[in-house]
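Quick notes on the structure that follows.
Numbered from 1 within each chain, the chains take letters A, B, ... in sequence-line order. Worth saying up front: this structure is predicted, and the values here are computed from it rather than measured.
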There are 2 protein chains.
Amino acid sequence: MRVSTQFPIAVHIMLMVAGFPEQKMTSEVVAESAGVNPVIIRNVFSKLNNAGLLDTKSGRGKTAIMRPADEITLWDIYTAVESDETDEVFKLHQNTSETCVVGSNIHALLLPHLTDAVNAVKAEFSKVTLQCLIDELYKKINP
Amino acid sequence: MRVSTQFPIAVHIMLMVAGFPEQKMTSEVVAESAGVNPVIIRNVFSKLNNAGLLDTKSGRGKTAIMRPADEITLWDIYTAVESDETDEVFKLHQNTSETCVVGSNIHALLLPHLTDAVNAVKAEFSKVTLQCLIDELYKKINP
DNA sequence: CAATCCGTAACTATTGACATTACAGAAATT
DNA sequence: AATTTCTGTAATGTCAATAGTTACGGATTG
């Protein structure tokens with residue numbers, strides 16, 4: 001199992017925008033903090049925008065979240081940048097034999113259990129809101 | 001999130017060996033059914049062997065499971081072929097800024113929640129035994 | 001001893017992720 | 001309206017991980 005870095009980067013963006021609303025968060029500023037190329041940030045900007053989580057505007061970096069931070073969960077952010085389809089999360093081996101009993105049934109056999117696993121992650125990530133993370137961050141700054 | 005095909009292949013192997021104990025399951029036979037190269041099967045053989053799930057023997061393909069099928073879970077098979085470490089499952093962005101508040105705290109902030117997600121998958125996979133899958137397979141053959 | 005088959009190394013091919021450059025177009029400032 | 005700033009996106013290059021393939025030593029069986 002391996003998740004691309006786009007997910008943590010997306011969380012990073014949301015944290016910076018929501019946690020410090022008075023500051024101008026351009027792709028370059030966030031890129032500096034995240035240690036990645038600004039274009040990567042802009043790509044994630046775009047995905048978060050399409051998902052209705054982030055309001056990005058060309059011009060003067062008027063970036064802002066579109067919902068209250070306690071109405072945005074980790075799962076919202078996850079699905080904004082990555083697929084939640086079971087067969088994208090778990091890569092099955094194709095070209096299985098159609099004549100073998102196992103080969104012709106393995107996919108249908110595994111799929112429901114893999115979907116259960118994805119739903120378990122969904123349930124876990126849905127518990128955590130952006131506001132939780134902001135609170136935890138402030139706690140780390142001012143213990 | 002993306003899991004390598006080694007996990008479903010490992011399940012495929014275990015199903016064939018445990019579901020049809022009277023038949024000789026060499027790497028070539030399984031490779032034919034799974035539609036992959038025999039060496040891939042032998043590599044997974046080796047990992048399942050090291051994990052104490054499969055007894056593979058050079059010579060005449062005397063492959064057999066080492067524990068009863070109802071004492072082997074999907075999680076056992078998963079950990080035999082893939083890492084369950086949070087930071088291997090979820091790939092974090094390195095090179096974050098040490099001077100930025102978010103950059104210097106994002107890893108510590110995310111880690112517990114990512115670990116929760118991994119544990120949720122673990123709990124789900126631990127519910128499903130190899131015997132469950134065999135039963136479901138037989139149901140598909142003889143409905 | 002001979003045949004079979006696992007375990008593993010070495011090499012290649014392919015795929016996906018990320019970095020980088022470049023530029024069109026939108027928004028705000030003047 | 002012109003200028004500046006910044007997003008959105010395409011094109012290209014680079015690198016790492018995965019899978020395919022060949023090869024061979026060594027273990028086991030008969």
Side-chain angles (χ1 to χ4, degrees), chain A residues 1-10 12-13 16-17 23-32 34-51 53-64 66 80-83 87-96, chain B residues 1-10 12-13 16-17 23-32 34-51 53-66 80-83 85 87-96:
Chain A
M1 203 146 45
R2 162 136 327 165
V3 182
S4 99
T5 58
Q6 285 212 1
F7 171 50
I9 288 173
H12 197 127
I13 291 171
M16 288 190 76
V17 173
Q23 294 199 13
K24 194 170 75 172
M25 292 299 174
T26 70
S27 60
E28 293 217 3
V29 173
V30 180
E32 171 63 28
V36 299
N37 194 281
V39 178
I40 305 293
I41 301 296
R42 292 207 284 272
N43 283 333
V44 181
F45 267 6
S46 177
K47 289 186 182 180
L48 291 170
N49 197 340
N50 291 335
L53 299 180
L54 201 64
D55 187 28
T56 54
K57 286 234 174 60
S58 302
R60 286 291 186 285
K62 291 282 174 54
T63 311
M66 293 188 74
V81 293
E82 292 205 38
S83 168
D87 53 5
E88 301 242 356
V89 176
F90 292 91
K91 201 167 140 202
L92 296 173
H93 53 309
Q94 307 306 124
N95 313 329
T96 53
Chain B
M1 202 149 41
R2 164 139 320 170
V3 182
S4 99
T5 59
Q6 285 211 3
F7 171 50
I9 288 174
H12 197 127
I13 292 172
M16 288 190 76
V17 173
Q23 295 200 14
K24 193 169 76 171
M25 293 298 173
T26 68
S27 60
E28 293 218 2
V29 173
V30 181
E32 170 63 27
V36 299
N37 195 280
V39 178
I40 304 293
I41 301 296
R42 291 208 283 272
N43 283 333
V44 180
F45 268 5
S46 177
K47 289 186 182 179
L48 291 170
N49 197 339
N50 290 335
L53 299 180
L54 201 63
D55 188 28
T56 54
K57 284 236 174 58
S58 302
R60 285 293 184 283
K62 292 280 174 54
T63 312
I65 56 175
M66 294 189 73
V81 294
E82 293 205 39
S83 168
E85 299 287 325
D87 53 5
E88 301 241 355
V89 176
F90 292 91
K91 202 167 140 205
L92 296 173
H93 53 308
Q94 308 306 123
N95 310 330
T96 53

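- As a whole-Å value, the separation of B:Lys91 NZ from D:dC15 P is 15 Å.
- For A:Asn49 and D:dT7, the shortest distance from a side-chain N or O to OP1 or OP2 is not below 4.0 Å.
- Shortest non-hydrogen contact noted between A:Ala80 and A:Leu53 is CB-CD1, 4.1 Å.
- Going from atom CZ of B:Phe7 over to atom P of D:dA19 covers 14 Å, rounded to whole Å.
- Rounded to whole angstrom, the span from the CG atom of B:Asp55 across to the C1' atom of C:dG7 amounts to 14 Å.
- Applying the side-chain hydrogen bond (donor to acceptor under 3.5 Å, both in side chains) test to B:Lys57 and every residue at least two apart in sequence or in another chain returns B:Asp55.
- Using a 4.0 Å heavy-atom criterion, one finds that A:Lys47 contacts no nucleic acid atom at all.
- Considering only heavy atoms from C-beta on, A:Glu82 stays 4.5 Å or farther from A:Glu88 through its side chain.
- If you measure from atom CD of B:Glu28 to atom P of C:dC6, you get 8 Å, rounded to the nearest angstrom.
- Whole-Å rounding puts the B:Phe45 CZ to C:dT8 P distance at 13 Å.
- At least one side-chain heavy atom of A:Ile13 sits less than 4.5 Å from a side-chain heavy atom of A:Val17.
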Protein N or O to nucleotides 19-24 of chain C N or O, pairs below 3.5 Å:
residue, atom, partner, partner atom, Å
C:dT20, OP2, A:Asn37, ND2, 3.2
C:dA22, N6, A:Arg42, NH2, 3.4

Between protein and nucleic acid, restricted to nucleotides 26-30 of chain C and to nitrogen or oxygen atoms under 3.5 Å apart, what atom pairs and distances do you find?
residue, atom, partner, partner atom, Å
C:dA27, O4', A:Ser58, O, 2.9

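- Atom CD of B:Glu88 and atom P of D:dA17 are 10 Å apart (whole Å).
- Counting only distance, with no hydrogens or angles, the side chain of A:Thr63 and the backbone of A:Met25 share a donor-acceptor pair below 3.5 Å.
- Of all heavy-atom pairs spanning A:Val89 and A:Ser83, the tightest one is CG2-O, 3.9 Å.
- OP1 or OP2 of C:dC6 has not a single side-chain nitrogen or oxygen of B:Thr56 nearer than 4.0 Å.
- For D:dT7, one of the phosphate oxygens OP1 or OP2 lies less than 4.0 angstrom from a side-chain nitrogen or oxygen of A:Ser27.
- The aromatic rings of B:His12 and A:His93 sit perpendicular to each other, their planes meeting at more than 60°, with 30° as the lower class boundary.
- Nearest nucleotide to the A:Ser46 side chain, out of D:dT9, D:dT7, C:dG7: D:dT9.
- Residues B:Ile9 and B:Val36 are in side-chain contact: their nearest non-hydrogen atoms beyond the backbone lie under 4.5 Å apart.
- Comparing atom distances between the B:Thr5 side chain and each of D:dA19, C:dC6, D:dT9 picks out D:dA19 as nearest.
- Distance, B:Ile41 CD1 to D:dG20 P: 9 Å, rounded to whole Å.
- Remark: P of C:dC5 and CE of B:Met25 are 13 Å apart, rounded to the nearest angstrom.
- Taking 4.5 Å as the limit, some side-chain heavy atom of B:Ser27 sits within range of a side-chain heavy atom of B:Phe45.
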